[in-house]
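Please read the structure below before turning to the comments.
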Amino acid sequence: MGEFDLIERYFWRRAGEGPHRAVIGNGDDCAVIAPTPGMQLAVSTDTLVEGRHFLSTVNPARLGHKALAVNLSDLAACGARPLAFTLALTLPRVDQDWLSDFSQGLLALADEHDCELIGGDTTAGPLAIGITVMGEVPAGHALLRSGAQAGDDIWVSGWPGEARLALEAFRGTLHPGLMPHTFDAVRMAMELPTPRVTLGQGLRGVATSAIDVSDGLLGDLGHILRRSRVGASLILDALPISAHLQERPSAEQLDCILAGGDDYELVFTSPPNQREAVRALEQQLGLLLTRIGRIEAEPGLRLWRGELDQWEGDPALKPVDNRWTSFDHFKGTP
């Protein structure tokens, strides 16, 4: 099978298959898209490399899902509605069964979010997947990392840490190991993440800043702090701990939640007067949203043991040394 046969068989969407929003879609030197009047384009790119971002044994349908999900998660963090994406696929060989499953997983998630595949590239080499995704957001209303203000609450969605627990199970570092049902559940979190696209759009006008958790909660929150030129206090006892992590030692729980990454949950900030709006979103989406700290004017990230709203000066609040580091492609995995 040649390159163009491969594209036509597995990635060409015919009439009635998936969204067809582009003015000119797949098949020309360039795709042409027309943003909705009054909207701005949000664009993001991610690359997944075998052995670095995913295991060679991963189910190809799940890999197709995740390859797009991590990009949609960036749109979610920006508050954008998905429009279209391109796919650059490097393959060591043409494996038709693998391609069939991969494309099904990829395009099923694309259709779920009404996101059109409008072009890309295929080439031979070590397995790598590069996706560029495009979305739209009302002009001037994109969620950014730079908007956090002193006094804002810090929130996180869902149950961060489960993907890292699965990774450590694969690495064989957990003692004791996971029960089979627990491993299956956290493996789903690692291989089939849910991009919080609807949450991101709901946070427009509510959140002052947002980021998705790809490299670890503390590290990604740190990006907000640096871009917003603020600091923060985080209350460790306020962190959401899933039922699967509750079975693990306390130190392991914190390692997974604070430095695990690969969660693709959203961390966001909002003023205290928006708490009711955040809770309304939580009810509407059926998605846990947990307040875990506050933004402060003093630079730096401070960790505490205690309860929310027991801030500095309260003897019940105990400082905790920050021993955690987040994932870095060139410094290695924590």
Side-chain angles (χ1 to χ4, degrees), residues 18-19 21-22 33-46 65-85 106-118 131-149 152-160 192-214 217 220-221 223-224 227-228 240 263-271 273-292:
R21 183 182 296 108
I33 58 175
T36 305
M39 307 292 272
Q40 293 176 324
L41 280 181
V43 182
S44 182
T45 299
D46 268 303
H65 171 104
K66 184 171 182 177
L68 182 58
V70 303
N71 285 269
L72 292 175
S73 184
D74 287 331
L75 292 185
C78 194
R81 180 174 75 92
L83 291 178
F85 70 103
L106 175 85
L107 295 174
L109 185 63
D111 291 350
E112 181 181 333
H113 291 279
D114 199 28
C115 191
E116 182 181 0
L117 175 58
I118 59 172
I131 287 180
T132 295
V133 70
M134 288 144 274
E136 62 180 16
V137 62
H141 290 276
L143 299 177
L144 305 175
R145 302 176 182 183
S146 55
Q149 301 288 323
D152 283 353
D153 295 327
I154 303 170
W155 299 79
V156 66
S157 66
W159 301 101
L192 288 172
T194 300
R196 303 302 186 185
V197 173
T198 306
L199 172 61
Q201 294 175 61
L203 288 173
R204 294 197 304 249
V206 174
T208 54
S209 69
I211 191 171
D212 73 326
V213 180
S214 56
L217 192 156
D220 289 319
L221 174 60
H223 293 311
I224 288 180
R227 292 297 298 272
S228 298
D263 296 307
Y264 303 101
E265 297 293 349
L266 296 188
V267 170
F268 62 94
T269 62
S270 63
N273 63 13
Q274 293 288 354
R275 288 177 189 172
E276 288 189 11
V278 174
R279 291 301 180 203
L281 265 176
E282 180 180 50
Q283 291 297 315
Q284 175 188 338
L285 301 178
L287 172 65
L288 180 70
L289 302 176
T290 306
R291 186 164 63 96
I292 58 173

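Just so it is clear, the structure is predicted and the values come from calculations on it, not from any experiment.
Between I118 and M134, the closest side-chain pair of non-hydrogen atoms falls below 4.5 Å. Side-chain contact between D220 and V267: absent, with no pair of heavy atoms (C-beta onward) separated by less than 4.5 Å. Put simply, the side chain of R291 does not reach to within 4.5 Å of the side chain of I154, judged on heavy atoms. Within the 4.5 Å cutoff, the side chain of P240 has heavy atoms near those of the I292 side chain. Residues P193 and K66 meet the side-chain proximity criterion, which asks for heavy atoms closer than 4.5 Å. Between R196 and T194 there is a side-chain heavy-atom pair separated by less than 4.5 Å.
In this structure, CG in N273 is found 9.0 Å from CG in D152, a value given to the nearest 0.5 Å. Considering CD of E265 and CG of L287, their distance stands at 6.5 Å, rounded to 0.5 Å. Between the CZ atom of R81 and the CE atom of M39 there is a distance of 6.0 Å, given to the nearest 0.5 Å. Separation of atoms SG (C78) and CG (L144) is listed at 6.0 Å; rounding is to 0.5 Å.
S157 and L199 get closest at one heavy-atom pair: CB-CD2, 3.7 Å. The minimum heavy-atom distance between D46 and N71, with the atom names listed, is N-OD1, 3.1 Å. Between P82 and L75, the shortest heavy-atom contact is CA-CD1, 3.7 Å. Residues I224 and A148 come closest through the heavy atom pair CG2-CB, 3.9 Å. The two residues F85 and L107 have their closest heavy-atom pair at CZ-CD2, 4.5 Å.
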Would you check, one step at a time, whether the test salt bridge (Lys or Arg N to Asp or Glu O under 4.0 Å) holds for E276 with R279?
CA-CA 5 Å; E276 288 189 11; R279 291 301 180 203; over 6 Å; no
Quick one, V278 with V206, criterion side-chain contact (heavy atoms from CB on, under 4.5 Å). Give me CA distance, side-chain angles, the key distance, then yes/no.
CA-CA 7 Å; V278 174; V206 174; 3.9 Å; yes
Hey, mind stepping through L143 and F268 against side-chain contact (heavy atoms from CB on, under 4.5 Å) and telling me if it holds?
CA-CA 9 Å; L143 299 177; F268 62 94; over 6 Å; no
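For the side chain to side chain contact (heavy atoms under 4.5 Å, CB included) criterion with I131, the lone passing option out of L106, V70, L117, L72 is L106.
When atom types are taken as modelled, the side chain of D212 and the backbone of Y264 share no donor-acceptor pair closer than 3.5 angstrom. Although no hydrogens or angles enter the test, the distance criterion places no donor-acceptor pair under 3.5 Å between the side chain of R204 and the main chain of H141. Q149 contributes no side-chain N or O that, together with a main-chain N or O of T208, makes up a donor-acceptor pair within less than 3.5 Å. In this structure a side-chain-to-backbone donor-acceptor pair under 3.5 Å is missing from S44 to V133. Under a 3.5 Å cut-off, the side chain of S228 and the backbone N or O of R145 do form a donor-acceptor pair. For the pair Q274 (side chain) and A207 (backbone), a donor-acceptor distance under 3.5 Å is absent. In this structure, the side chain of T269 engages the main chain of S209 through a donor-acceptor pair within 3.5 Å.
Side chains of E136 and T36: a donor on one and an acceptor on the other come within 3.5 Å.
No more than 12 heavy-atom neighbours from other residues, nucleotides or ligands sit within 6.0 angstrom of CZ on R227.
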